[in-house]
Amino acid sequence: MNCFINVEDLGPLDKAMAEAFEIKNDRYKYQHLGKNKTLMMIFFNNSLRTRLSTQKAAMNLGMNVIVLDVNAGAWKLETERGVIMDGDKSEHLLEAIPVMGCYCDLIGVRSFAGLTDREYDYAETVLQQFIKYSGRPVFAMETATVHPLQAFADLITIEEHKVVERPKVVLTWAPHCRALPQAVPNSFAQWMNAAPDVDFVITHPEGYELDPKFVGNARVEYDQKKAFEGADFIYAKNWSNPGVTNLADYGKITSKDMSWTVDTEHMSWTNNGKFMHCLPVRRNLIVTDDVIESPNSLVIPEAANREISCSVVIKRMLEAL
Ligand SMILES: CCC[C@H](NC(=O)CCC(=O)O)C(=O)O
Ligand SMILES: NC(=O)OP(=O)(O)O
């Protein structure tokens with residue numbers, strides 16, 4: 001596996017899920033695979049869970065780990081070609097990437113969407129440059145349009161906690177004070193659509209339609225209450241306007257409707273539904289204190305499963321070296 005961006009990169013999902021549960025039962029089983037191999041994790045943006053769980057997974061697999069926070073100590077990087085570099089950027093990504101590739105065997109990249117140029121973001125321009133120029137296998141640690149490590153962990157969590165064979169899973173938009181990427185909901189939708197036994201529904205205000213390549217055949221319900229009815233899992237996330245119905249709205253906040261905040265009344269509409277969120281979460285914007293602290297909240301085991309999803313991905317990449 002030379003890159004990990006989309007669900008299909010893992011091959012048959014049932015096999016990947018079986019590997020996840022095998023590793024969860026013995027997370028040091030494949031420690032031999034990473035001996036004398038180095039993972040380089042490159043962060044253009046903040047992180048807690050991805051930073052910690054990916055290092056833990058790499059160490060479980062016997063790897064050495066290097067972490068680079070590009071905006072804290074490295075040279076400021078120019079990402080555009082053809083630019084005369086007479087400003088505050090001392091190095092071009094097209095030199096920095098192959099240099100970083102010299103010092104490692106695998107690369108993980110976090111580079112969020114800029115949310116100003118939809119074409120640039122949805123082409124995964126930065127990630128594709130790492131894939132093209134690093135000479136190493138590359139996996140996304142949330143890039144402009146995807147967060148597959150998160151979605152894989154989410155699916156593991158749903159599989160562990162479902163009480164019916166075909167659970168109803170609802171991805172619900174919720175309000176936020178900042179313009180956030182669509183990467184998390186995009187990948188969540190992609191992985192729920194790929195899962196064999198999930199009744200998947202997406203609910204959001206009109207105008208917040210996610211890119212059709214991620215929505216697939218999922219049902220979209222603009223009435224949040226109707227969407228929540230009978231749900232087994234509620235996955236809440238904010239995202240900025242994806243610019244699908246109006247390109248000029250891309251990356252903007254076009255709704256701050258607080259009636260979409262997930263509270264106990266919302267959860268009363270469900271089938272004793274479990275609450276999920278990738279974290280970090282803005283309490284009492286996305287979800288109320290009572291809901292995220294309730295016995296039905298899975299946000300902590302969901303975060304714990306990030307170590308497992310990443311272990312499967314790194315294992316696959318090491319096996320393919
Ligand atoms: C895993 C989620 C990462 C990121 N979240 C944020 O940037 C939240 C920042 C904030 O709430 O200020 C996002 O929404 O894609
Ligand atoms: N869910 C997630 O990726 O968290 P971080 O942004 O803290 O890594």
Side-chain angles (χ1 to χ4, degrees), residues 4-5 39 41-58 65 67-72 108-116 118 121-122 124 126-127 139-158 171-191 204 208 210-211 214 235-243 250-253 255-256 258 260-262 275-287 289 292 297-311 313-314:
F4 177 64
I5 305 170
L39 167 67
M41 300 164 65
I42 298 155
F43 290 91
F44 288 81
N45 306 89
N46 294 339
S47 169
L48 184 147
R49 279 143 292 274
T50 304
R51 180 186 300 271
L52 298 178
S53 61
T54 304
Q55 283 192 71
K56 182 66 168 66
V65 179
V67 182
L68 175 66
D69 285 296
V70 170
N71 300 316
V109 180
R110 167 163 285 196
S111 175
F112 287 173
L115 295 177
T116 53
R118 191 180 198 280
D121 286 342
Y122 274 74
E124 283 287 359
V126 173
L127 178 64
F139 60 91
M141 300 194 297
E142 184 175 347
T143 48
T145 63
V146 291
H147 196 356
L149 289 171
Q150 182 63 55
F152 188 8
D154 296 333
L155 184 57
I156 293 165
T157 308
I158 289 168
L171 166 62
T172 181
W173 179 92
H176 201 283
C177 52
R178 295 181 56 215
L180 299 186
Q182 296 97 39
V184 168
N186 284 346
S187 286
F188 187 74
Q190 185 184 79
W191 286 67
H204 55 67
Y208 271 85
L210 294 168
D211 192 291
F214 295 108
Y235 192 91
K237 185 70 182 75
N238 172 266
W239 61 90
S240 59
N241 193 302
Y250 177 63
K252 291 190 170 54
I253 298 174
S255 172
K256 281 191 172 181
M258 295 286 283
W260 285 77
T261 301
V262 180
F275 177 81
M276 294 176 72
H277 188 284
C278 63
L279 302 180
V281 72
R282 298 290 190 114
R283 285 182 173 218
N284 306 308
L285 268 180
I286 305 291
V287 59
D289 297 312
I292 197 165
S297 173
L298 297 177
V299 298
I300 304 305
E302 181 183 354
N305 279 329
R306 288 290 307 278
E307 178 185 344
I308 306 307
S309 65
C310 194
S311 295
V313 170
I314 292 177

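Given the structure is predicted, the values throughout are model-derived calculations rather than measurements. Atoms within a ligand are numbered from 1 in the order they appear, just like the ligands themselves.
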Met141 and ligand 2 - part of the residue with a heavy-atom distance under 4.0 Å: neither
contact_flag Gln150 ligand 1 heavy-atom lt 4.0 Å: no
Arg49 heavy atom under 4.0 Å from ligand 1: no
Expected output: side-chain Glu302 to main-chain His277 donor-acceptor under 3.5 Å: yes
Ligand 2 atoms in contact with Gln150 (distance to a heavy atom under 4.0 Å): 1 (N), 2 (C), 3 (O)
Protein contact to atom 7 (O) of ligand 1 [nearest heavy atom, distance to 0.1 Å]: Leu180 CD2, 3.7 Å
Sole residue of Asp69, Val109, Val65 in side-chain contact (heavy atoms from CB on, under 4.5 Å) with Met41: Val65
Pro181 near ligand 1 by a heavy-atom separation under 4.0 Å: yes
Which segment of Lys237 sits under 4.0 Å of ligand 2 when only heavy atoms are counted: neither
Donor-acceptor pair, side chain of Trp239 and main chain of Asn186, under 3.5 angstrom: no
Any non-hydrogen protein atom less than 4.0 Å away from atom 5 (N) of ligand 1: no
Closest to atom 11 (O) of ligand 1 (judged by heavy-atom distance), picking from Gln182, Arg110, Arg282: Arg282
Donor-acceptor under 3.5 Å (Arg306 side chain, Ala153 main chain): no
Ligand 1 versus Asn238: contacting region, heavy-atom distance under 4.0 Å: neither
Contacting atoms of ligand 2, where contact means under 4.0 angstrom from a heavy atom of His147: 2 (C), 3 (O)
Under 3.5 Å side-chain donor-acceptor pair for Gln150 and Asp154: yes
Lys252 backbone acceptor or donor facing Asn241 side chain under 3.5 Å: no
Between Thr145 and Gln182, a side-chain donor and acceptor under 3.5 Å: no
Per atom 2 (C) of ligand 2, closest listed option by heavy atom (Arg306, Arg51, Glu302): Arg306
N/O separation below 3.5 Å, Glu142 to ligand 1: yes
Within-cut-off N or O pair, Pro280 and ligand 2, under 3.5 Å: no
Distance from atom 6 (O) of ligand 2 to nearest protein heavy atom, with residue and atom: Arg110 NH1, 2.8 Å
Atoms in ligand 2 flagged as close to Leu279, the criterion being non-hydrogen separation under 4.0 Å: 1 (N), 2 (C), 4 (O)
